[in-house]
Amino acid sequence: MLLMLPVAATNASDQFDLLLKNGRVFDGSGNPWFKADVGVRDGRIVALSRAGLTGTADQILDVTGSVVAPGFIDLHSHADDFSGAQTGLRSEALSRRQAVNIVSQGVTTIVVNPDGSAPPGLSIGAQARALMDPGVGVNVILMAGHNAIRYEVMGDDHQRPASAQEILAMGERVSIAMRQGAFGLSSGLEYPPGRYSETEELVSLMRVVGNSGGIHISHIRSETSAPMWWVPSQDEPSPPQLLDGTAEIIRIAEQTHTVGVITHMKVRGTTHWGQGLNVIELVEAARARGVQIYGDQYPYQSSGSDGALVLIPRWAIHVDGPDPDFAAALAKTLAEPGNRELVDFDIKHSIAFRGGAKNIVVFDHPQEDFVGENLYDLARRFRLSEVDMALKLQFEGYKDRPGGVRLRSFSLAEADMEALMQRPWVATASDGGVAIPIDGPTVHARYYGTFPRKIAHYVRKRGALGLAHAIRAGTSLPAQILGLDNRGVIRVGAVADLIVFNPDTFEDRATFQSPHQTSTGLEHVWIAGKPAVHKGQPTKLLLGRVLTKSGQGR
């Protein structure tokens, strides 16, 4: 239990705004903890002493037995939503600007505009101003979005390589974004329009970014045997694969002498499980020759797109107009000669891509006894093939829903995930965003649970990591990647973005059935010395700032 303790002042210099006594300090470096007092004044750490600090303070907390660590830094967040649905940090609703689901994980800084995205029509400067009026509950770092810039320059005519003149125009926009405070370029090379870019386009843009010391964070072209968009019966053979996408980001970083980050690193699908070791070998060979290449990762076996899984290929259930009947569309497709073989081919690919039938689970279907069952067991119950079971779900499910059912797959193997997270160059990142309960049950659990889950599941339960390693992966490592020199560490002079948690009870509660649950065991969060969480309760104060590459916010 945290206690308020009175102390006597010894001299005028021993005045603190906040004094933490007797904590287990994990300074973010990856070193073991040490017992120390931490003194904070004017938003900065001004004293750190193993021998103990005396003096007066506005608030003194005895944190004996608790962990004191830097606030977590999330390298990949969708918290600034661009859909126009007012669901992100620029929402008019304070409940979203407060970002309670983010802060309640111990996160004090997030990086937005991921996967090449950026708000349409807003410059980096305008985006920053919109975030700060009236404010946000967490610090924000902005990236320039390659996909957004590419679309701005090329418009609808983007399904091709860019011309030299178009690349120059993109570079001018990237340069402006960097001058306005962007920390670098994000790219989404599995999504349009970035999907149609060539490597040299990214090399050219990263030369511009590198002039300002910026970094590249990229969703690579493929995270398994093929990109998400690839449908075997419809698309050309030999699509890019996992190692191709990995090698491309390494090449861009190597040629431009910049930092490259392979974001939400994963090895998806049964055909590629085990290739995490090949990715590691490729990255570590590059690092050995001096390439600044890193990764980030969320600690879940189910991805974002796994929660919107439709096993039946879209071409087979295409409908136009209101009141769609996808079951009728499928029946029409299957009635055409030759289509059944093509549909089967595509469904088999999708099942393997998503982790196999045993890892594809029903979350919503008109037949309630289907809910919670996996595709493999359902197929056995009805003595059907897995493909025929997928068709049955559409024909007997919700006719106005593609696939007839809400499925979630678990397409990642624990062995690959653990192998990757054990590497010292892999940071923790959520790939989440702002969420509140009215958003419903389809929200990914990572929106609430990423950082506590890393500690509860992989440190305490599985023993895959040490606690110092897990804390470093969410603090000083992302700070190093971003070039932040005053966050992610506990040392005198650093900004007092701090957290206190119980090492035995800090744990995620969010599940895929019930995602809107904050973690347990988090006792305090401070952003620049101001309380964002106090005694386990979010203060809902708008304490965040937009950090810039030059000033870093404070």
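Counting only distance, with no hydrogens or angles, the side chain of Trp230 and the backbone of Glu236 share a donor-acceptor pair below 3.5 Å. One N or O on the side chain of Ser117 and one on the backbone of Pro114 form a donor-acceptor pair closer than 3.5 Å. Remark: side-chain polar atoms of Asp497 are not paired, donor with acceptor, to backbone N or O of Gly71 under 3.5 angstrom. The backbone N or O of Ala93 lies less than 3.5 Å from no partner atom in the side chain of Gln86, so there is not a single donor-acceptor pair. With hydrogens and angles ignored, the 3.5 Å screen pairs no side-chain donor or acceptor of Gln517 with any backbone N or O of Ala510. Formation of a donor-acceptor pair under 3.5 Å by the His516 side chain with backbone atoms of Gly440 is found in this model. In terms of modelled atom types and a separation under 3.5 Å, the side chain of Asp80 and the main chain of Val112 share no donor-acceptor contact. For Arg97 (side chain) and Leu131 (main-chain N/O), a donor-acceptor pair under 3.5 Å exists by modelled atom type. Between the side chain of Asn139 and the main chain of Thr108, a donor-acceptor pair closer than 3.5 Å is present. Remark: the backbone N or O of Met228 is paired with a side-chain donor or acceptor of Glu190 at under 3.5 angstrom.
Leu465 contributes atom CG, which lies 11.5 Å from atom CD1 of Ile471 (distance to the nearest 0.5 angstrom). Atom NE2 of His524 and atom CG of Leu522 lie 9.0 Å apart (nearest 0.5 Å). Taking CD from Glu223 and NE2 from His272, the interatomic distance works out to 11.5 Å, rounded to the nearest 0.5 Å. With values rounded to the nearest 0.5 angstrom, Leu242 atom CG is found 7.0 Å from Thr224 atom OG1. Atom-to-atom distance recorded for Gln297:CD and Asp431:CG is 12.0 Å, nearest 0.5 angstrom. Taken to the nearest 0.5 Å, the NE2 atom of His216 stands 5.0 Å off from the CD1 atom of Ile252.
The shortest side-chain heavy-atom distance between Ser519 and Phe506 falls under the 4.5 Å cut-off. With contacts defined as side-chain heavy-atom distances shorter than 4.5 Å, the pair Leu467/Val67 qualifies. Under the 4.5 Å side-chain criterion, counting only non-hydrogen atoms from C-beta, Val267 is not in contact with Asn278. By the 4.5 Å heavy-atom criterion applied to side chains, Val405 and Phe370 are not counted as neighbours. Ser218 has its side chain out of reach of Glu248: every pair of non-hydrogen atoms, C-beta onward, lies at least 4.5 Å apart. Residues Asp115 and Tyr191 are in side-chain contact: their nearest non-hydrogen atoms beyond the backbone lie under 4.5 Å apart. In this structure the side chain of His146 reaches within 4.5 angstrom of the side chain of Leu189, judged on heavy atoms. The shortest distance between side-chain heavy atoms of Ile102 and Val434 falls below 4.5 Å.
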Going through the distances and angles, do Trp425 and Ile293 end up as a side-chain contact (heavy atoms from CB on, under 4.5 Å)? CA-CA 8 Å; Trp425 40 266; Ile293 192 77; over 6 Å; no
Run the side-chain hydrogen bond (donor to acceptor under 3.5 Å, both in side chains) test on Asn359 and Ser409 for me, step by step, so that the C-alpha distance in whole Å, both residues' side-chain angles and the decisive distance to 0.1 Å come before the verdict. CA-CA 6 Å; Asn359 291 307; Ser409 59; over 6 Å; no
How far apart are the C-alpha atoms of Leu542 and Gln98, what are their side-chain angles, what is the distance that settles it, and do they pass the side-chain contact (heavy atoms from CB on, under 4.5 Å) test? CA-CA 6 Å; Leu542 302 182; Gln98 290 159 353; 4.0 Å; yes
Working note: Gln422 + Tyr458, criterion side-chain hydrogen bond (donor to acceptor under 3.5 Å, both in side chains); need CA distance, chi angles, decisive distance, verdict. CA-CA 10 Å; Gln422 288 165 356; Tyr458 290 99; over 6 Å; no
The test is side-chain contact (heavy atoms from CB on, under 4.5 Å); show your working for Ile317 and Thr333 and say whether it passes. CA-CA 7 Å; Ile317 51 175; Thr333 296; over 6 Å; no
side-chain contact (heavy atoms from CB on, under 4.5 Å) for Arg340 and Leu391? Distances and angles first, verdict last. CA-CA 11 Å; Arg340 176 59 196 253; Leu391 297 175; 3.7 Å; yes
Please lay out, stage by stage, how Arg408 and Thr442 fare under the test side-chain hydrogen bond (donor to acceptor under 3.5 Å, both in side chains). CA-CA 9 Å; Arg408 176 169 287 281; Thr442 61; over 6 Å; no
Verdict with supporting geometry, Asn113 and Ser186, side-chain hydrogen bond (donor to acceptor under 3.5 Å, both in side chains): CA-CA 7 Å; Asn113 301 353; Ser186 78; over 6 Å; no
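Smallest separation of non-hydrogen atoms from Ala99 and Leu89: CB-CD2, 4.0 Å. Between Gly433 and Asn101, the closest heavy-atom pair is O-ND2, 2.8 Å. Of all heavy-atom pairs between Ala144 and Ile149, the closest is CB-CD1, 4.3 Å. Counting all heavy atoms, side chain and backbone alike, Leu309 lies closest to Ser350 at CD1-OG, 3.9 Å. Between Ile347 and Leu311 the shortest heavy-atom distance is CG1-O, 3.5 Å. Nearest heavy atoms, Val140 versus Leu142: CG1-CD2, 3.8 Å.
For Arg380, the CZ atom sits in a loose shell: 12 or fewer heavy atoms of surrounding residues, nucleotides or ligands are nearer than 6.0 Å. Dense packing is recorded around CZ of Phe512, with more than 12 heavy atoms of other residues, nucleotides or ligands lying under 6.0 Å away. Around the CD atom of Gln367, the shell of radius 6.0 Å holds more than 12 heavy atoms that belong to other residues, nucleotides or ligands. Crowding of Asp323 atom CG: a count of heavy atoms from other residues, nucleotides or ligands under 6.0 Å not exceeding 12. Other residues, nucleotides and ligands contribute over 12 non-hydrogen atoms within 6.0 Å of the NZ atom of Lys392.
Note on ring orientation: taking the six-membered ring where Trp is involved, the planes of Phe451 and Phe72 are parallel (angle under 30°, cut-offs 30° and 60°). Aromatic ring orientation, His264 versus His219: perpendicular (interplanar angle above 60°, classes split at 30° and 60°).
Salt-bridge annotation for Arg96 and Asp81: absent, with no side-chain N of the basic residue lying under 4.0 Å from a carboxylate O of the acidic one. Taking the charged nitrogens against the carboxylate oxygens, Asp416 and Lys266 have no contact shorter than 4.0 Å, which rules out a salt bridge. With respect to Arg460 and Asp508, no salt bridge is recorded, no charged nitrogen being found less than 4.0 Å from a carboxylate O. The residues Asp344 and Lys348 are annotated as not salt-bridged, no charged nitrogen and carboxylate oxygen being separated by less than 4.0 angstrom.
For the salt bridge (Lys or Arg N to Asp or Glu O under 4.0 Å) with Glu507, the lone residue among Lys461, Arg453, Lys454 that qualifies is Lys461. Tested against Leu75 for a side chain to side chain contact (heavy atoms under 4.5 Å, CB included), the candidates Ile110, Asp296, Leu477 yield a single pass: Asp296.
The closest side-chain donor-acceptor pair between Arg150 and Ser197, if any, does not fall under 3.5 angstrom.
Taking the ring centre of Tyr298 as origin, the terminal cationic atom of Arg446 falls inside the region bounded by 6.0 Å and 45° from the ring axis.
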